[in-house]
Amino acid sequence: MFNLSRLEHTFRVPPDLLSRPIAEAIKGELEKLFLDKVIPNLGLCISVYDIRSIEGGFILPSEGAATYTVVFTMIMFRPFVGEIIGAKLKDSDANGLRLSLGFFYDIYVPANLLPQPSRHEPDPRKRGRVTWIWDYDGQDFVIDWQDEIRFQVRSVSYPPIPIEQPKESKPFAPMVITGSLDFDGSGPVSWWTDAVQVE
């Protein structure tokens, strides 16, 4: 789920930071630039792990900022296909589920990747939201809002940034995870706590 990626970046350090230790000033600027940003094919930047090298420090004419080239290691959130992850339900509609990890919210489980057969019923607490129910041997297993939900990563995609986005559309997500609940042991953990293993 978390990986280390080595990056190189050239940027300016403002003059007001030059009185601080240079590694500390550079780390602060790297965090401003990269934290909570998505780098395509690498993932979501979580934290600066370490700084491998710092070069430069040149101050160009008519500028007060020093320019550095830095090689550093970043902790990235990038789950691999097939990985099992626990999340919480954020939203649900007729198209499927949207899950959250607390720091990442663009996880979608489409209806065709829910346990089969499944059906949905209107949620009386909120208009437009539905409750998904798995029908197994005549018993109803509800996907509720309290349980941790285990899902399997089916794909991780990095959609291209739209040039123009309609006003009524959802906010652009630079990284989207598609998950599946259609295998044994997936779904809300309460479904499986009372399960008895048959030898």
Colleague: Assess whether side-chain contact (heavy atoms from CB on, under 4.5 Å) is satisfied between V70 and H9, documenting all intermediate values.
Modeller: CA-CA 5 Å; V70 181; H9 190 63; 5.7 Å; no
Colleague: Determine yes or no for a side-chain-to-main-chain donor-acceptor pair under 3.5 angstrom, with S47 supplying the side chain and Y49 the backbone.
Modeller: no
Colleague: Looking at L114, is its backbone amide N or carbonyl O close enough to the side chain of Q116 to form a donor-acceptor pair, meaning the two atoms are under 3.5 Å apart?
Modeller: yes
Colleague: Inspect the contact between K27 and E24 and indicate whether a charged nitrogen and a carboxylate oxygen are less than 4.0 angstrom apart.
Modeller: no
Colleague: Are the side chains of E29 and L17 in contact, using a 4.5 Å heavy-atom criterion?
Modeller: yes
Colleague: Could you pull out the closest heavy-atom pair between G179 and L113, with the gap in Å?
Modeller: O-CD1, 3.4 Å
Colleague: Taking the inter-plane angle between the rings of F103 and F77 on a 0 to 90° scale, is it parallel (under 30°), tilted (30 to 60°) or perpendicular (over 60°)?
Modeller: perpendicular
Colleague: Of all heavy-atom pairs between S118 and W132, which one has the smallest distance, and what is that distance?
Modeller: CB-CE3, 4.0 Å
Colleague: Rounded to the nearest 0.5 Å, what's the gap from CZ on R78 to CG on L4? Could you check?
Modeller: 10.0 Å
Colleague: Can you measure from CE (M76) to CE (M175) and round to the nearest 0.5 angstrom?
Modeller: 8.0 Å
Colleague: Please check if the number of heavy atoms outside D16 that lie under 6.0 Å from its CG is greater than 12.
Modeller: yes
Colleague: How close do L181 and F151 get, heavy atom to heavy atom, and via which atoms?
Modeller: CD2-CB, 3.5 Å
Colleague: Treat each ILVMFWY residue as a node, draw an edge where side-chain heavy atoms are under 4.5 Å apart, and state whether I133 and L89 are in one component.
Modeller: no
Colleague: Working to the nearest 0.5 Å, report the span between CZ of R119 and OG1 of T131.
Modeller: 10.5 Å
Colleague: Mind running salt bridge (Lys or Arg N to Asp or Glu O under 4.0 Å) on D106 and R98 for me, showing each step along the way?
Modeller: CA-CA 7 Å; D106 295 306; R98 183 180 182 191; 3.3 Å; yes
Colleague: How long is the straight-line distance from CG of L35 back to CG of L30, given to the nearest 0.5 Å?
Modeller: 9.5 Å
Colleague: Given 3.5 Å as the limit, does a donor-acceptor pair link the side chain of W192 with the main chain of S186, or not?
Modeller: yes
Colleague: Could you tell me if the ring centre of F11 sits under 6.0 Å from that of Y68?
Modeller: no
Colleague: Determine whether a donor-acceptor pair (N or O, by modelled atom type, separation under 3.5 Å) exists between the side chain of D144 and the backbone of Q146.
Modeller: yes
Colleague: What do you reckon, is CZ of R150 surrounded by more than 12 foreign heavy atoms closer than 6.0 Å?
Modeller: no
Colleague: Do you know which two heavy atoms are closest between F2 and I46, and how far apart they sit?
Modeller: CE2-CG1, 4.1 Å
Colleague: Flag yes if more than 12 heavy atoms outside F58 fall under 6.0 Å of its CZ atom; otherwise flag no.
Modeller: no
Colleague: Work out which heavy atom in A23 is nearest to a heavy atom in I51; give both atom names and the distance.
Modeller: O-CD1, 3.8 Å
Colleague: Say whether, by atom type as modelled, one donor and one acceptor occur between the side chain of W191 and the main chain of V142 under 3.5 angstrom.
Modeller: yes
Colleague: Hey, which of K88, K90, R129 is the one that makes side-chain contact (heavy atoms from CB on, under 4.5 Å) with W145?
Modeller: R129
Colleague: To the nearest 0.5 Å, how far apart are CG in L97 and OG in S92?
Modeller: 6.0 Å
Colleague: Please step through side-chain contact (heavy atoms from CB on, under 4.5 Å) for the pair F80 and V153, ending with a clear verdict.
Modeller: CA-CA 7 Å; F80 58 85; V153 177; over 6 Å; no
Colleague: If we ignore hydrogens and angles and just use 3.5 Å, is the side chain of T69 paired with the main-chain N or O of T10 as donor and acceptor?
Modeller: no
Colleague: Restricting to non-hydrogen atoms, name the atom on C45 and the atom on I39 that form the minimum distance, rounded to 0.1 Å.
Modeller: SG-CD1, 3.7 Å
Colleague: Ignoring hydrogens and angles, tell me if any N or O in the side chain of E83 forms a donor-acceptor pair with the backbone of M1 under 3.5 Å.
Modeller: yes
Colleague: Less than 4.5 Å apart, any side-chain heavy atom of P159 and any of F172?
Modeller: yes
Colleague: Take V176 and Y108, measure what side-chain contact (heavy atoms from CB on, under 4.5 Å) needs, and give me the verdict at the end.
Modeller: CA-CA 8 Å; V176 176; Y108 297 93; 3.7 Å; yes
Colleague: Should L42 and L7 be marked as a side-chain contact (heavy atoms from CB on, under 4.5 Å) after you check the CA-CA gap, both sets of side-chain angles, and the distance that decides it?
Modeller: CA-CA 10 Å; L42 289 181; L7 305 172; 3.6 Å; yes
Colleague: Does the ring pair (Phe, Tyr, Trp, His ring centres under 6.0 Å) test come out yes or no for F72 and F34, once each step is laid out?
Modeller: CA-CA 12 Å; F72 60 101; F34 288 97; 5.4 Å; yes
Colleague: So, applying side-chain contact (heavy atoms from CB on, under 4.5 Å) with I177, which one of V109, I85, I107, L99 is it?
Modeller: I107
Colleague: Look at the side-chain heavy atoms of Ile, Leu, Val, Met, Phe, Trp and Tyr, link any pair under 4.5 Å apart, and say whether Y105 and L44 land in one connected group.
Modeller: no
Colleague: Tell me if the CZ atom of R52 is crowded by more than 12 foreign heavy atoms within 6.0 Å.
Modeller: no
Colleague: Count the heavy atoms belonging to other residues, nucleotides or ligands that lie under 6.0 Å from CZ of F183, then report whether that count exceeds 12.
Modeller: yes
Colleague: Would you say the side-chain atoms of S180 pair up with the backbone N or O of D182, donor to acceptor, closer than 3.5 Å?
Modeller: yes
Colleague: Same cluster for V71 and V13 if Ile/Leu/Val/Met/Phe/Trp/Tyr side chains link at under 4.5 Å?
Modeller: no
Colleague: With rounding to the nearest 0.5 angstrom, report the CD1 to CD distance, I84 to Q152.
Modeller: 4.5 Å
